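As structure tokens, the structure follows; a few thoughts come after it.
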Amino acid sequence: MTHPAPLPRVELLPLRPALPAGQATELPVLARLHPAPAPQASEARPPLNLALVIDRSGSMDGRALRMARLATQVALRALAPHDRVSVVTFDHTVQTLLPPQPVTDPEALCAEIDAVTAGGATALHAGWLEGALLAAQHHDPRALNRVLLLSDGRANRGETRPDVIAGHVRALTARGVGTSTVGLGRSYDEDLLRAMADAGDGNYEHIEDEAALPGFFAAELHGLTRTTGHTVSLGVEPNPALGQVRTELLNDLPATALGRRQLPNLVAGHPVELVFTLQVPAQPPQPDLGLTRVRLAWTGRDGVRRRVRAQLSLPVISPEVWAALPENAQVRVAEQLLRAAWARRDAVGFADRGAVERSRETLVRQRGRLQAYAASPAVAAELDALEALDLDFASDVTLARKRALSQSYDRSRSKPQRGD
């Protein structure tokens, strides 16, 4: 007898456990998504079908190319004989350095990587496309199929339009092959690499120091092997009987074609935290009012699309009793950390318009708001990170921009922050 696969669990935590009667209310809600557990340790992990794409353009010469070679070798040594890997390099031309093959001798493959040298211009789209086609040729519905692009530069040969490149990545994702991107150093196009990762149902990572590469690849491969759901979406569905209820999701996540939000993959053991606010019109007193449902949809490892819903219902009580109710500290802290992510994006926007002092003011103002919650270890780490970022904007706007967008991206997707 077969048992149905376990489902993820959706936990909804309101800031207060009630609404005040007769008053319009803004209610922050923390949605905590608990992925289903991974298969038992006794079961073999699913195979990987991985295409590694290395930028070898002239700008990579030196430290960046050393980082890319090391990154690729770290990945190769982490793979198993039942995994399949290919390696593509590109400058203004594209070369398949290692055609798709099982990883039976990782050290021999690593030796091939040592021979990669820097060349000319940056045909980023063509390099990614070659890796994508290799992965797609060997697409295995039982495997996790992924392109991993490592670059320090900006596309300047062939197709360079970010929206077109992201569209091609999205088309490959629909065929079951995702894309993750790694920006190396301080010169890469973070907007393009982030757009590719969003379109590719993958991850985007900013790496400045080669010492961070083993940890990144360990996390990336661990996440791939423990993925229990991909192509994940979330919809917030307010009760239409309440009238006009406005919702705002604080996580900065791309919208799907149906107007829902695209979430990161469901990885066993790694909850995803989202915060949304409900603007609820004034309601009469009542013991149990259905406010909203949350709809989570995903595609499982078996290729089947599944959905679960969770409902939030609260009593509507007298304003005096409601005002005495304590706030849920978890909800407030999660909300403020996401507002700090918004502050980072605002700071980048000001810097892009030449108003760096306003960037710094934005970060200082958000630090002030967070001071009230400094007892939380996550908030204490966030205060330090915002202070460091303020100094970055004062001294190196190019690097500050990359750090700010990377930190904001990670927070919106519940990736661990530096110091969390």
Side-chain angles (χ1 to χ4, degrees), residues 54-71 118 122 124 148-156 160 162 180-198 203-217 219-220 252 337-367 370 381-413 415-420:
I54 305 172
D55 181 352
R56 57 175 294 268
S57 60
S59 64
M60 290 283 289
D61 193 26
R63 183 168 179 264
L65 190 57
R66 288 197 304 273
M67 290 174 67
R69 286 196 297 258
L70 173 62
T122 309
L124 186 147
L148 183 57
L149 171 70
L150 301 106
S151 176
D152 85 323
R154 297 174 180 269
N156 56 26
T160 61
S180 287
T181 59
V182 179
L184 300 170
R186 51 175 288 116
S187 300
Y188 68 88
D189 185 344
E190 58 268 31
D191 297 319
L192 173 59
L193 294 193
R194 173 174 169 162
M196 292 176 71
D198 281 343
N203 295 310
Y204 153 67
E205 189 76 11
H206 165 68
I207 299 286
E208 297 176 30
D209 184 350
E210 60 190 47
L213 288 168
F216 162 71
F217 273 97
E220 177 78 2
D252 182 26
L337 291 175
L338 282 166
R339 293 197 184 280
W342 277 104
R344 286 170 166 85
R345 291 191 293 278
D346 290 343
V348 168
F350 287 129
D352 288 348
R353 297 192 292 275
V356 176
E357 284 305 313
R358 293 198 64 186
S359 301
R360 300 187 64 192
E361 290 168 6
T362 298
L363 297 174
V364 169
R365 189 161 51 248
Q366 183 59 34
R367 287 190 81 245
L370 282 167
E382 185 75 349
L383 289 169
D384 291 342
L386 288 170
E387 183 176 21
L389 195 58
D390 175 29
L391 297 176
D392 291 338
F393 273 104
S395 60
D396 189 335
V397 173
T398 297
L399 193 55
R401 188 183 199 279
K402 288 175 171 56
R403 289 174 175 170
L405 290 178
S406 174
Q407 292 168 15
S408 176
Y409 179 95
D410 289 353
R411 179 66 68 190
S412 284
R413 288 154 181 78
K415 290 175 64 177
Q417 304 284 296
R418 310 293 189 264
D420 270 14

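The model shown is predicted, which means the values in this text are computed figures rather than measured ones.
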How far apart are the closest heavy atoms of [X] and [Y], and which atoms are they?
| X | Y | result |
| --- | --- | --- |
| Ala212 | Ile207 | CB-CD1, 4.2 Å |
| Leu192 | Pro162 | CD1-CA, 3.8 Å |
| Arg344 | Ala404 | CD-O, 3.7 Å |
| Lys402 | Gly185 | CD-O, 3.9 Å |
| Ser57 | Ala118 | O-CB, 3.7 Å |
| Ala347 | Ser359 | O-OG, 2.6 Å |

Starting at [atom1] of [X], measure out to [atom2] of [Y] and round the result to the nearest 0.5 Å.
| X | Y | atom1 | atom2 | value |
| --- | --- | --- | --- | --- |
| Met60 | Asp152 | CE | CG | 5.0 Å |
| Leu383 | Arg367 | CG | CZ | 5.0 Å |
| Leu149 | Asp55 | CG | CG | 7.5 Å |
| Ser180 | Leu193 | OG | CG | 11.0 Å |
| Asp189 | Arg154 | CG | CZ | 4.5 Å |
| Tyr188 | Leu150 | OH | CG | 12.0 Å |

Only one of Val182, Asp209, Leu184 passes side-chain contact (heavy atoms from CB on, under 4.5 Å) with Met67, and that residue is Leu184
Across all chains, not counting sequence neighbours, the side-chain contact (heavy atoms from CB on, under 4.5 Å) partners of Gln366 are Gln336, Arg339, Ala340, Ala343, Arg369, Leu370, Leu386
Residues at least two apart in sequence or cross-chain that pass side-chain contact (heavy atoms from CB on, under 4.5 Å) with Asp198, listed by chain then number, are Arg194, Pro254, Tyr409, Arg413
Testing the 3.5 Å rule here: is there a donor-acceptor pair between the side chains of Ser412 and Asp252? no
Exercise. Show your reasoning for whether salt bridge (Lys or Arg N to Asp or Glu O under 4.0 Å) applies to Glu208 and Arg403.
Key: CA-CA 9 Å; Glu208 297 176 30; Arg403 289 174 175 170; 2.6 Å; yes
_If you define the side chain from C-beta out and look only at heavy atoms, does anything of Leu124 sit under 4.5 Å from Met196?_
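SC-SC contact between Leu124 and Met196 confirmed.
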- Item | Beyond-backbone contact of Glu382 with Arg411, side-chain heavy atoms, under 4.5 angstrom | yes
### Query
Under the 3.5 angstrom rule, does the side chain of Ser408 hit a backbone N or O of Ala341 as a donor-acceptor pair?
yes
Paired with Arg401, the salt bridge (Lys or Arg N to Asp or Glu O under 4.0 Å) test is passed by just one of Asp392, Asp191, Asp396, namely Asp191
Can you confirm whether more than 12 heavy atoms, excluding those of Arg358, are under 6.0 Å from its CZ atom?
no
Open item on the list: Holding to ring pair (Phe, Tyr, Trp, His ring centres under 6.0 Å), I want the full list of residues that pass it with Phe393, two or more places apart in sequence or in another chain.
Closed with: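 Partners of Phe393 by the ring pair (Phe, Tyr, Trp, His ring centres under 6.0 Å) criterion come out as none, since no residue qualifies.
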